[in-house]
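Down below is the structure, laid out as structure tokens.
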Amino acid sequence: MGLGILGAGRAGTALARAAQSAGIPVRIAASRPPRALRLHLAQYAPRATAVEAAEIADAPGGHPDDSPAGSGIRPLVVLMVPQEDMDAVDPEWVRGTVLVDATNRWSDEPLPGWLAEALRQGRSSSEALAARFPGAAVVKGLNHISHWDLDTAGRAAGTERRALGVAGDDDGAVRQVADLTRRLGFDPVVLPGLAAGRSLEPGGPVFNQPLSAEGLRRALGLPDA
Ligand SMILES: NC(=O)c1ccc[n+]([C@@H]2O[C@H](COP(=O)([O-])OP(=O)(O)OC[C@H]3O[C@@H](n4cnc5c(N)ncnc54)[C@H](OP(=O)(O)O)[C@@H]3O)[C@@H](O)[C@H]2O)c1
């Protein structure tokens, strides 16, 4: 199954390189149309295919309607668009997908009203996104690592594997994101539900911390595997 990436900036192109090193075909979209992305991708993610954002769910492996019957496998799309631009992401683009929320809020980032209000009420950004994108199974993941490390840490030889948290309420979607995380070269640590993904956000105990699976579980107060 391939991967769709919404956002072709620092994080999106780093993920594209990591995925393609792992043999995963990538389609990627930005706010610019595909033609305008060509030079950018030639430099930062040369093997990724630029598509319109509205076509991001048509990642290799199929459109939602084309998933192998009964497999339960849904197209995987990783959201790497700044939270301040989230109003411009059409929920229809990601209907039927497993949507990985890899976003974080920069400290002073202005947010759309619905997102600011949800955070003010104590919800995690992923819970707010799940309400915004009701046709997608939202899973928090791939967010608490810098684009530098996303690019290389999963392939570093001779070092302890770094762990990345995966938080969601849909078991099948969580399995797909855990599998993606593993294929990228990281150890997935599954958290108990989407709301728990808040502990992976900036200011939390594991943000940008290079931890093993055991270290990540300990830092999050999770039981041993
Ligand atoms: N940078 C990191 O180390 C890192 C690591 C993990 C997670 N994250 C999170 O990932 C998100 C993106 O960060 P970044 O550093 O990659 O930002 P960035 O370099 O500014 O890139 C943002 C990308 O989003 C695209 N975009 C904006 N609105 C869009 C829309 N409506 N539809 C499709 N694409 C859209 C932009 O398109 P154009 O190129 O056409 O402008 C650009 O390619 C943030 O929430 C960040 O917290 C970042």
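We count ligands from 1, going down the list as the structure has it; atoms in each ligand are counted the same way. Counting begins at 1 with the first residue of the sequence.
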Which residue and heavy atom of the protein sit nearest [atom], plus the separation:
| atom | result |
| --- | --- |
| atom 5 (C) of ligand 1 | Ile145 O, 3.1 Å |
| atom 27 (C) of ligand 1 | Asp85 OD2, 3.6 Å |
| atom 22 (C) of ligand 1 | Pro82 CD, 3.4 Å |

For ligand 1, which part of [X] has a heavy atom less than 4.0 Å away: the side chain, the backbone, both, or neither?
| X | value |
| --- | --- |
| Asn143 | backbone |
| Trp93 | side chain |
| Ala102 | backbone |
| Leu37 | neither |

Close-contact set for ligand 1 against [X] heavy atoms, below 4.0 Å:
| X | result |
| --- | --- |
| Arg32 | 38 (P), 39 (O), 40 (O) |
| Ala88 | 31 (N) |
| Ser146 | 3 (O) |
| Ala8 | 23 (C), 42 (C), 43 (O) |

For residues 99-112, dump all side-chain donor-acceptor pairs below 3.5 Å to protein atoms at least two apart in sequence or in another chain.
| residue | atom | partner | partner atom | Å |
| --- | --- | --- | --- | --- |
| Asp101 | OD1 | Thr103 | N | 3.0 |
| Asp101 | OD1 | Thr103 | OG1 | 2.6 |
| Asp101 | OD2 | Ser126 | OG | 2.6 |
| Asp101 | OD2 | Lys140 | NZ | 2.9 |
| Thr103 | OG1 | Gln83 | NE2 | 3.0 |
| Asn104 | OD1 | Asn143 | ND2 | 2.9 |
| Asn104 | ND2 | Asn143 | O | 2.9 |
| Arg105 | NE | Glu109 | O | 3.1 |
| Arg105 | NH2 | Glu109 | O | 2.8 |
| Glu109 | OE1 | Trp106 | N | 2.9 |
| Glu109 | OE2 | Gln83 | N | 3.0 |
| Glu109 | OE2 | Glu84 | N | 2.8 |

In a table with atom names and distances, give each donor-acceptor pair under 3.5 Å that connects a side chain of residues 31-52 to protein atoms at least two apart or in another chain.
| residue | atom | partner | partner atom | Å |
| --- | --- | --- | --- | --- |
| His40 | NE2 | Ala8 | O | 2.6 |

>> Is it the case that atom CZ in Arg123 sees more than 12 heavy atoms from other parts of the structure closer than 6.0 Å?
In response: yes
